[in-house]
There are 2 protein chains.
Amino acid sequence: MQVAAASQARHDAPRPPRVVPIHIVPRTAATRHDLPRCSTCAMRAICMPPGLTTDQFARLDAVICSTRSIKRGDALYRAADAFQSIYTIRAGSFKTVVIHRDGREHVTGFQIAGDTLGLDGISAGKQNCDAIALEDSVVCIIPFAQLEAVCRDMKPMQHHIYQMMSSEIVRESSQMLLLGTMTAEQRVASFLLNLSKRFKARGFSAAEFHLRMTREEIGCFLGMKLETVSRMFSKFQRERLVHANGKTVRIEDAEGLARV
Amino acid sequence: MQVAAASQARHDAPRPPRVVPIHIVPRTAATRHDLPRCSTCAMRAICMPPGLTTDQFARLDAVICSTRSIKRGDALYRAADAFQSIYTIRAGSFKTVVIHRDGREHVTGFQIAGDTLGLDGISAGKQNCDAIALEDSVVCIIPFAQLEAVCRDMKPMQHHIYQMMSSEIVRESSQMLLLGTMTAEQRVASFLLNLSKRFKARGFSAAEFHLRMTREEIGCFLGMKLETVSRMFSKFQRERLVHANGKTVRIEDAEGLARV
DNA sequence: CGCTAGATTGATGGAGATCAAATCTTGTGG
DNA sequence: CCACAAGATTTGATCTCCATCAATCTAGCG
């Protein structure tokens, strides 16, 4: 998602580019251990607590010292893998999928640059879901035991981790509300507005963006079938709320969408 | 729930009672500052990490030094209240309810003795939902800032809080799966088996228990109407999977229920 | 011991699932 | 760089599960 949006940002501001590129694309796919630096990362406002000192950033950079590239369709981790690390997305996007014994599958979330993956693995010491890349992506690897050690004497970081986990609980609560009480139309509207808000928070257009997930994945996230998702997109188009052309979406009337 | 179950346990084992009473019922409703002691609490296996030393328990007892009684139907806290503390249930049970601007209401969970409330308040510094007592209940008050301080130099406790929060994320994931993919029949079966498992973990009967919530509250938790909940109870009764008489439920065939 | 909130059961309708078919993307290999 | 196959999307027709409306019935509580 941010790859498309970043090139778009470059077109909007031809010179000099005002938007800091989200990440340095590894030169080769084999690059696994370049040196990420939280202190200079464009996403630090999203994944780090505010107001860290130079010294504190240095300690973090010592822990978060490797990245990993994942090809579209590949898994960053799978359910039941041993839990070692959490991950923040530098570039790209993911879906997290839980699979019931009987084969029922459900997408529990879509994550984009700046979001964190793997917090659900802490409880059992093993991953609880599959994390699948929706496009070629890069993540920072954060070994959790080392992070815990850092948190023990870095109060802002300690509090930040609690906040991140708590935010995830809140996000899931509102997703339960969506799944438990909303009509298909309201769910799709809510989904588009949520994505829009998150892109905006990352400096991208809130009005137009590329969906990296299929209608089926959206449906699986929203608790409905892909045909229903498609019908809702068409309905919004007829009502001039949204212009959708395949995976490109432009929100024409955000207030109208919110009133649905 | 545990009040009923505890008196039941007393009947089952007339003398000497083998089941440790879950809590000391406060003598008067006004009792707000008796001295809870984690070290001797029957629920410590559920709310505390294993293997703490006497010294470590003493430090916790210094932080968790007050309780609060909440009458049936009253709120422990409401959405938008300032977040100060988290709570563990000593006795009784609660529901947590999120309310959308437009009035849509959804029950995000039912909590019983040993469960923790309020973790979702950390992220925004204010409560995210209403916590309503389903019966007269007692909670331990854990001031969060003090807990954070303790966690900074008590590694097992630090890890335990991360685990608790992560467990909540996992619990909500599986509730999303339920809401997103299961039929009404499967949701009710899943709900009963989950309650059964939790009662069992607390030393109560897994087969027979009292529901403290109404059919409407169950429906609101499972994303269906109260009539549908009632019909599913009747259906299970016809199929000899469950015997339900109002709020008393006896699971007759747990395997059958799991196969639904 | 009577009242009222909660629970059950039946009849009917509608939102969304399912099945089907045509059209459109996309990415992969030549 | 282009063609083509596999997958994704759209749209229509029909069916089903659950919501809704309605009428008792029950039990817990003051």
Side-chain angles (χ1 to χ4, degrees), chain A residues 3-4 71-74 95 104-107 132-136 178-192 210-239 242-249 260, chain B residues 1 3-4 7 71-73 95 104-107 132 134-136 178-192 210-239 242-249 260:
Chain A
V3 171
K71 290 232 161 296
R72 169 199 165 88
D74 285 352
K95 62 172 177 177
R104 253 192 306 259
E105 240 179 76
H106 185 74
V107 173
I132 311 291
L134 296 175
E135 61 192 304
D136 293 358
L178 178 147
L179 291 169
T181 73
M182 292 188 191
T183 63
E185 188 182 17
Q186 293 170 328
R187 292 180 206 195
V188 175
S190 183
F191 167 74
L192 290 174
H210 265 89
L211 301 175
R212 308 309 297 223
M213 66 293 280
T214 66
R215 299 287 189 266
E216 181 165 27
E217 288 163 332
I218 296 172
C220 198
F221 176 58
L222 298 177
M224 66 187 74
K225 292 293 148 182
L226 68 147
E227 293 95 330
T228 306
V229 176
S230 181
R231 281 182 232 277
M232 293 307 142
F233 273 74
S234 304
K235 186 163 190 286
F236 291 152
Q237 188 126 344
R238 279 196 304 276
E239 294 167 354
V242 166
H243 182 90
N245 183 7
K247 302 211 149 146
T248 309
V249 169
V260 160
Chain B
M1 290 163 176
V3 170
S7 71
K71 290 229 160 301
R72 170 199 166 89
K95 62 172 176 178
R104 254 191 306 258
E105 241 180 75
H106 186 74
V107 173
I132 311 291
L134 296 175
E135 61 191 303
D136 293 356
L178 177 147
L179 291 169
T181 73
M182 293 189 190
T183 64
E185 187 182 15
Q186 293 169 328
R187 293 180 206 194
V188 175
S190 184
F191 167 73
L192 289 174
H210 264 91
L211 302 175
R212 307 310 295 223
M213 66 293 279
T214 65
R215 299 289 190 263
E216 181 165 28
E217 287 164 333
I218 296 172
C220 197
F221 177 59
L222 298 178
M224 66 187 73
K225 292 293 149 183
L226 68 144
E227 293 94 329
T228 307
V229 176
S230 183
R231 280 183 233 277
M232 293 309 143
F233 273 74
S234 303
K235 186 164 191 285
F236 290 152
Q237 187 125 346
R238 280 196 303 277
E239 293 166 353
V242 166
H243 182 90
N245 183 7
K247 303 209 148 148
T248 309
V249 169
V260 160

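Predicted model, so just to flag it, every value in this text is computed and none were measured. Here is how names work: the chains are called A, B, and so on, in the same order as the sequence lines, proteins then strands, and each is numbered from 1.
Side-chain atoms of A/Met224 and A/Arg231, non-hydrogen and from C-beta on, never get closer than 4.5 Å to each other.
Between the NE2 atom of B/His210 and the P atom of C/dA7 there is a distance of 12 Å, rounded to whole Å. For the pair A/Glu185 CD and C/dG16 C1', the interatomic distance rounds to 13 Å; values are reported in whole Å. Regarding A/Arg215, its CZ atom lies at a distance of 11 Å from the P atom of D/dT11, rounded to whole Å. Between the CD atom of B/Glu227 and the P atom of D/dT20 there is a distance of 8 Å, given to the nearest Å. Whole-Å rounding puts the B/Met232 CE to C/dA7 P distance at 16 Å. To the nearest angstrom, C1' of D/dC17 lies 11 Å from CE of B/Met224. Note: CZ (B/Arg238) to C1' (C/dT8) measures 11 Å, nearest angstrom. Between B/Arg187 atom CZ and D/dC17 atom C1' the separation is 11 Å, expressed in whole Å.
B/Gly219 comes within 4.0 angstrom of no nucleic acid atom, judged by non-hydrogen atoms across all strands. If you check every strand for non-hydrogen atoms under 4.0 Å, A/Thr228 touches sugar and phosphate atoms only. Residue-level contact check: B/Gly223 touches the backbone only, with heavy atoms under 4.0 Å from sugar-phosphate atoms and none from bases.
What you find for B/Glu105 and B/Cys220 is that their closest heavy atoms are O-SG, 3.4 Å. Nearest heavy atom pair, residue A/Val107 against residue A/Phe221, reads O-CD1, 3.2 Å. Counting all heavy atoms, side chain and backbone alike, B/Met213 lies closest to B/Lys247 at O-CE, 3.4 Å.
Residue A/Ser234 has a polar side-chain atom (N or O) positioned under 4.0 Å from OP1 or OP2 of D/dT11. Residue A/Thr214 has no polar side-chain atom (N or O) positioned under 4.0 Å from OP1 or OP2 of D/dG7. Remark: A/Arg231 is not in phosphate contact with D/dT11, judged by side-chain N or O atoms under 4.0 Å from OP1 or OP2.
Once rounded to the nearest 0.5 Å, the distance linking CD1 of A/Ile218 with OG1 of A/Thr228 reads 12.5 Å. Considering CZ of B/Arg72 and CG of B/Asp136, their distance stands at 8.0 Å, rounded to 0.5 Å. Atom NE2 of B/His106 and atom OG1 of A/Thr181 lie 7.5 Å apart (nearest 0.5 Å). Rounded to the nearest 0.5 Å, atoms CD (B/Glu217) and CZ (B/Arg212) are 11.5 Å apart.
Atom CD of B/Glu227 has more than 12 neighbouring heavy atoms from other residues, nucleotides or ligands inside a 6.0 Å radius.
Between its two ends, the helix from C/dC1-D/dG30 to C/dG30-D/dC1 turns its axis by 60°, counting five pairs per end and rounding to 10 degrees.
In this structure a side-chain-to-backbone donor-acceptor pair under 3.5 Å is present from A/Arg187 to A/Met182.
Among D/dC18, C/dA7, D/dT9, the nucleotide with an atom closest to any side-chain atom of B/Thr183 is D/dC18. Closest to the side chain of B/Ala184, out of D/dT20, C/dA7, D/dC18, is D/dC18.
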Nucleotide N/O to protein N/O under 3.5 Å, stretch nucleotides 24-29 of chain D:
none

